[in-house]
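Below is one structure, written out as structure tokens; the observations come after it.
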Amino acid sequence: MLKYMKWLMAALALTLVANGCGYNALQQMEEGVFRAWSDVESNLQRRADLIPNLVATVKGFAAHEKGTLQAVVEARAKATSVKLSASDLGNAQAMQQMMDAQGGLSSALSRLMVVVERYPDLKANQNFLDLQNQLEGTENRINVARQRYNQAVEAFNSKIRSLPYSLTNSLMLHLERKEYFKAEAGSAQAPQISFE
């Protein structure tokens, strides 16, 4: 019985030390970053899944807009080919490649929506309206997921740089700083609107 009590006390002491130095907290926060990134990816996948139906619907009304339709299909293929693993979240170059691919898809979708303006029958089509509403909702979800990811990254990066967690990280865990999801290049400038 005494031997069993010693093991129990040792396990309790180890748990207290692990919690006090942040060993468990750092790992839980890193998992929070991974979960937040998964939310971003699932919403990006939802957008990619909507695009073939959107292109097919537009093609039915505007088949001769082949260049724009093809650009959307190619941008979708490029965006879905760039995947980040959990270890890439600390890699600025891999993160930038992902953001560039997603930015290209957003740009191609914007051009598609400009083309749609030329086809009143398409704009009134119920299938197109449903897809457009789903796409708008998905864009909002992507934005919220990006913000939550950046909040998780901020909390994690701050924690691994502050005492005593920085000591625990440098001595035991060796967790790397994570990259933020940044705005696309040129997005700081407001778009110019012309009614001419």
Side-chain angles (χ1 to χ4, degrees), residues 31-86 88-89 92 94-155 178-196:
E31 285 301 317
V33 172
F34 295 154
R35 182 190 47 77
W37 180 251
S38 294
D39 291 345
V40 172
E41 282 188 324
S42 69
N43 284 303
L44 293 176
Q45 184 62 50
R46 177 183 162 86
R47 176 170 69 173
D49 291 346
L50 286 171
I51 289 172
N53 290 334
L54 188 67
V55 168
T57 304
V58 173
K59 194 182 285 185
F61 288 85
H64 57 280
E65 301 281 358
K66 289 180 181 174
T68 303
L69 296 172
Q70 187 63 31
V72 172
V73 170
E74 289 173 3
R76 179 190 178 273
K78 184 176 180 182
T80 55
S81 70
V82 179
K83 300 281 183 192
L84 294 183
S85 67
D88 290 333
L89 295 181
M95 197 71 165
Q96 186 61 49
Q97 187 180 12
M98 171 79 164
M99 288 184 280
D100 289 345
Q102 291 298 325
L105 180 57
S106 295
S107 176
L109 281 173
S110 296
R111 289 193 301 273
L112 180 67
M113 291 305 159
V114 170
V115 166
V116 166
E117 292 297 319
R118 293 186 224 148
Y119 300 91
D121 291 343
L122 172 59
K123 287 172 39 179
N125 179 276
Q126 191 59 46
N127 284 341
F128 177 77
L129 292 174
D130 290 344
L131 287 166
Q132 189 178 26
N133 287 337
Q134 288 182 46
L135 192 59
E136 287 173 3
T138 301
E139 294 294 336
N140 290 335
R141 289 179 186 183
I142 290 170
N143 192 39
V144 169
R146 287 175 181 160
Q147 290 173 350
R148 289 181 179 162
Y149 169 76
N150 282 344
Q151 288 170 352
V153 168
E154 178 187 20
K178 308 302 182 212
E179 291 294 322
Y180 289 98
F181 203 105
K182 297 173 186 154
E184 296 170 29
S187 62
Q189 295 178 341
Q192 293 183 349
I193 299 172
S194 173
F195 295 101
E196 294 178 7

Exercise. Flag yes if more than 12 heavy atoms outside Glu139 fall under 6.0 Å of its CD atom; otherwise flag no.
Key: yes
Exercise. Write down the atom of Leu135, the atom of Met113, and the distance for their closest heavy-atom approach.
Key: CD2-CE, 3.9 Å
Quiz prompt | Nearest heavy atoms of Lys178 and Val33, plus distance in Å | solution = CG-CG1, 3.9 Å
Quiz item: Rounded to the nearest 0.5 Å, what separation is found between the CG atom of Asn43 and the CG atom of Asn143?
Solution: 10.5 Å
Exercise. With rounding to the nearest 0.5 Å, note down the distance linking CD in Gln102 to CD1 in Ile142.
Key: 7.0 Å
Practice problem: Nearest 0.5 Å please: distance from the OH atom of Tyr149 over to the CG atom of Leu89. | Solution: 4.0 Å
Self-check item: Flag, side chain of Ser81 to backbone of Lys78, donor-acceptor distance under 3.5 Å
Solution: yes
Exercise. Give the C-alpha distance, both sets of side-chain angles, the deciding distance and a yes or no for side-chain hydrogen bond (donor to acceptor under 3.5 Å, both in side chains) between Asp49 and Gln45.
Key: CA-CA 6 Å; Asp49 291 346; Gln45 184 62 50; 2.7 Å; yes
Quiz item: Once you round to the nearest 0.5 Å, how far does CH2 of Trp37 lie from CG of Leu44?
Solution: 6.5 Å
Quiz item: Going by distance alone, is a donor N or O of one side chain under 3.5 Å from an acceptor N or O of the other, for Asp39 and Ser42?
Solution: no
Practice problem: Determine whether more than 12 heavy atoms belonging to other residues, nucleotides or ligands lie under 6.0 Å from atom CZ of Arg46. | Solution: yes
Quiz item: At what distance, to the nearest 0.5 angstrom, does CE of Met98 lie from CD of Glu179?
Solution: 14.0 Å
Quiz item: Of all heavy-atom pairs between Ala152 and Ala36, which one has the smallest distance, and what is that distance?
Solution: CB-CB, 4.1 Å
Quiz item: Going by atom types only, do Asp130 and Gln126 share a side-chain donor-acceptor pair under 3.5 Å?
Solution: yes
Self-check item: Asn150 side chain vs Phe181 backbone, donor-acceptor pair below 3.5 Å
Solution: yes
Quiz item: Are any side-chain N or O atoms of Ser38 and backbone N or O atoms of Phe34, one a donor and one an acceptor, separated by less than 3.5 Å?
Solution: yes
